[in-house]
Amino acid sequence: MTVFLLRRVGWAILVLFVVATLTFVLSHVVPADPAAFLAGQNATADTVARIRAEYGLDQPLLIQYLSYLRGLLHGDFGISLRTGRPVSEDLASFLPATLELLFFSFAIYVATSLFLAIIAAKRPGGRLDSGIRLFTMLGSGMPVFWLGMALQFLFFYKLGLLPLGGRFPLRAIAPPTVTGFLLVDTLLAGQPGAFLSALSCLILPSAAIVLNLLAVGTRMSRAALISESGKQYVRTARGKGVGPRRILYRHVLRNAMTPILASTSIQFGYMISWVILVEVIFDWPGIGLYAYQSFQVFDYAPVVALALVSTAVFSIINVLLDILYPIIDPRMRSLRA
Amino acid sequence: MLPSKPCLMALAAGVMLASGVTGARAADQKLFVWAEAVEPSTVDPAKSDVNQEMTIARNVFDHLTNFDLDHPDHILPALATSWTEDGTSWTFKLRDGVAFHNGQAFDANDVKATIERDLRIGQGQSYLVGDIKTVTVLDPHTVKIETAKPDVYLAANLSRIEIMSAKDIAAHAADSDHGDSYFSAHADGTGPYKMLSWTRGAQIDLERNKSWWGQFPAKPFDHVIDRFVTQASDRSRGLEGGEYDLANFVPRDEAVRIGKSKGFYLVEGNNLWAWPAIYLNTKLAPTSNESFRKALVESFSYDAMNQYFLGASVTPRGPVPAWVPGSPEKDLAVIKTDLNAAKADLKASGLSNPTMKCSIPSGFSEFAFAATVLQASAAQIGINVQIEQLPFVQAIEAIKSNKSNCFVLGNANLSPTDPTRFFAAHYLTGGFYNSANYSNPQLDALVQEIPTVTDPQKRYEMLKQASEMVVNSHTIIWAARPTTIVPVPDGVGGYRIDPAEYINVRLWELYKK
């Protein structure tokens, strides 16, 4: 197991290196002069040259790359031209918001897709199964940005039920920052009202993400459950008089978890990319919005940092799932051995 | 088998609770929420250059002078109560009893330190006072400013220079970056609002400076949230839904619709833009051919642009808007579509079936529309225009490096009275936004001389001559000069449009109706 994990971590580091290199090269070969943009419309050529030198943009690309890699090894992602702050400082400000949205959406996604899959798998081809298929396909068929805007239109503009955007209602007072996760910080501060406020802001962005991914997750889980339900051991259990609830939760679900987890980890990757779009639509102050605004002015450092952070999160989740497989399904242990 | 009912009930309860929470956000009578299109990069007034940065600079800091929005050539006292001019020397008497938000008293040293810092950094609005040579403190309430050459617009341009604390500047001078990173996040002025906090990615919170020397209206807003709302549709919906009290850069059709709906009214006024302006590259064929450029200017459908702006725009005749004091606009020839003349000029250019490329910054619907109008107009006389949308910095790089024939942008100036600033960045040799790569030493010299001339009539003639030079160079198509239209909720009073500003807000003039 240890060797396996070390190998996976080694691969993850190699992937991060490749991503850092590719993103750096791609973002720097595009002809653009962010220093001129930063200097402002009336700056003199001397001022632009000074800024270019300050940020090392006057150096050859290879020198910039080596300097960037050296910084990365020390946890230094560089300085953002747009915010004028170290990117690591910006990430520390924005990452909790993204992770909160990501984890909350992921939890809702896993619970909902499994819940719908269980219902659908009960009577394949039945009314409920068809209804769920239609509902999830509708969600997946709509582009996430459109879905987000439609949800805003309905729940903010028409019904006045939920906030338009942002992480916390405008006229409410946010709790002191402890973890950066508002759901946690509001509880730590003993403010249940503020917790609900933070939760109300999470509902629409999460719904946009989850609804868009639900079809694949539900269909994959449904297929895994149906496949397991048809196996000999299930019939044997039924014949022995084991109740349907016990069969489902103790046997079928557990055995179906391996393919479900595999599809979930892939969906998590999509979720990371959807989060960026959704943050822009809902003005969610996370790294997606940060990267979007940085990219508009070719502020390279945050763009590369975002690619690295999302790759790292995706890699970590995959390693965690690799750890989970043999725990959930003991057959995997022998396979790995 | 499945806990569907409890789940649904929990979901319903969650939504109800959440809606209860949002609904319970009792309208805070003293809170004002401004929806800003972009988060500022800095709150350092020495580097503030764009709309979102001006929101903080203008409201948190004071200026030596101010000006009457309705009559921009009426320069009003602010931190300076009076001033005298003697050629290149200006003496300003300063207001007594003014304090910075941190409690430090304001005096002449603050003026000196601010201007010297602005000139050293060379960004933001420092270009407006670039001719200042020295600043001398005569006594705590008198400061003398010497310019390299006479500058009749200096007092007006000082209305755009935010005064910082000399002690703050000195306290951070020893930082490795001379305090640049400190000031990019901390704003401490003498102005009507204090900056309380900056929640990155979300908002800046401001509080009314109750000991401000100026006058607030009755029922001013005590708290202000400068909320960053990236999507134009969100700003529209948020304004209409009551989430925001005012918003900038609401799409025009939405602004008109909202402003005419129940509970809102419209405020319309002049602004600083020729918007969009299409620059034609003089250094790359075929736009390097003057007759070809002239044909493009003549073929352009100005009516289409005015229709796009719902009729609330005019076709510029030159670079200086009519509202600017001393503008020669009314005496310049009308620019209009003339396809016959365009065809004749294209023939005179000697080019047959020419093709050109136009790089436009993405994200601006007006730019995309103007480029499409150019494409359709040019097609009528046999010119093929290829359009590429690129991120801003990439688009401007394309034209600066002569990889594109045209670029679309606005043509603006933040000075309330100084018309030469409409030329500096856009038409003079080496100007940052001189996207036509146009160079005319005669124009450069003429524009440089205008501020030194004290006779208004002579200045007018020079300005007219300079404007005609730009017009006759056919390096630019001023597609339109729209007015600014802002929908305002009935509950908010005092909103006025500053013509020498982007779409911004003078918080100290607003009040709750």
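Computed from a prediction, not measured in an experiment: that's the story for all the values here. The analysis underlying the following values was restricted to heavy atoms, covering all of them including side chains, and did not include hydrogens, waters or symmetry mates. In what follows, chains carry the letters A, B, and so on, assigned in the order in which the sequence lines appear, proteins first and then strands, with residues in each chain numbered from 1.
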What part of [X] lies closer than 4.5 angstrom to a heavy atom of chain A: side chain, backbone, both or neither?
X: B:Gln203; result: side chain
X: B:Tyr244; result: side chain
X: B:Ser233; result: side chain

Item to complete: Please check if the side chain of B:Arg237 supplies one atom and the backbone of A:Phe156 the other of a donor-acceptor pair under 3.5 Å.
Response: no
Practice prompt. Give every residue pair that meets the salt bridge (Lys or Arg N to Asp or Glu O under 4.0 Å) criterion with at least one member in residues 155-170 of chain A, sequence neighbours excluded.
Written response: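 Checked against salt bridge (Lys or Arg N to Asp or Glu O under 4.0 Å) - neighbours excluded - the pairs reaching residues 155-170 of chain A are A:Glu100-A:Arg167.
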Practice prompt. Using the salt bridge (Lys or Arg N to Asp or Glu O under 4.0 Å) rule, collect all pairs that involve residues 198-207 of chain B, keeping only residues at least two apart or in two chains.
Written response: none
Please look at [X] and chain B and tell me whether the side chain, the backbone, both or neither of the residue comes under 4.5 angstrom of a heavy atom of that chain.
X: A:Ile281; answer: backbone
X: A:Leu289; answer: side chain
X: A:Tyr292; answer: side chain
X: A:Tyr290; answer: neither
X: A:Glu279; answer: neither

Fill in: Residue pair A:Met149, B:Asp234: steps toward the side chain to side chain contact (heavy atoms under 4.5 Å, CB included) verdict
CA-CA 9 Å; A:Met149 289 166 76; B:Asp234 285 358; 5.6 Å; no
Discussion item. Does anything in residues 35-44 of chain B reach chain A? List residues with heavy atoms under 4.5 Å apart, or say none.
Written reply: B:Glu39, B:Ser41
Name the atoms and distances for all side-chain donor-acceptor pairs under 3.5 Å in residues 109-121 of chain A, with sequence neighbours left out.
residue, atom, partner, partner atom, Å
A:Tyr109, OH, A:Gln267, NE2, 3.3
A:Thr112, OG1, A:Ile108, O, 2.5
A:Ser113, OG, A:Tyr109, O, 2.8
A:Ser113, OG, A:Val110, O, 3.3

Report the option among [options] that has the most heavy-atom pairs separated by less than 4.5 Å from atoms of chain A.
options: B:Ser184, B:Gly238, B:Gly430; result: B:Gly238
options: B:Lys47, B:Gln123, B:His426; result: B:Gln123
options: B:Val50, B:Asp180, B:Asp49; result: B:Asp49

Item to complete: Hey, could you give me the CG/CZ distance between A:Leu164 and B:Arg227, rounded to the nearest 0.5 Å?
Response: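 If we round to the nearest 0.5 Å, A:Leu164:CG and B:Arg227:CZ are 9.0 Å apart.
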Worksheet item: Take atom CZ in A:Arg250; do more than 12 heavy atoms of anything else shown fall under 6.0 Å from it?
Response: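 For A:Arg250, atom CZ is not crowded (no more than 12 foreign heavy atoms under 6.0 Å).
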Practice prompt. Of all the heavy-atom pairs spanning B:Ile225 and A:Leu170, show the shortest one and how long it is.
Written response: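 Heavy-atom minimum between the residues: CD1-O, 3.5 Å.
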Discussion item. If I compare all heavy atoms of B:Ala202 with all of A:Pro285, which pair ends up nearest, and what's the gap?
Written reply: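 In terms of heavy atoms, the two residues are closest at N-CB, 4.2 Å.
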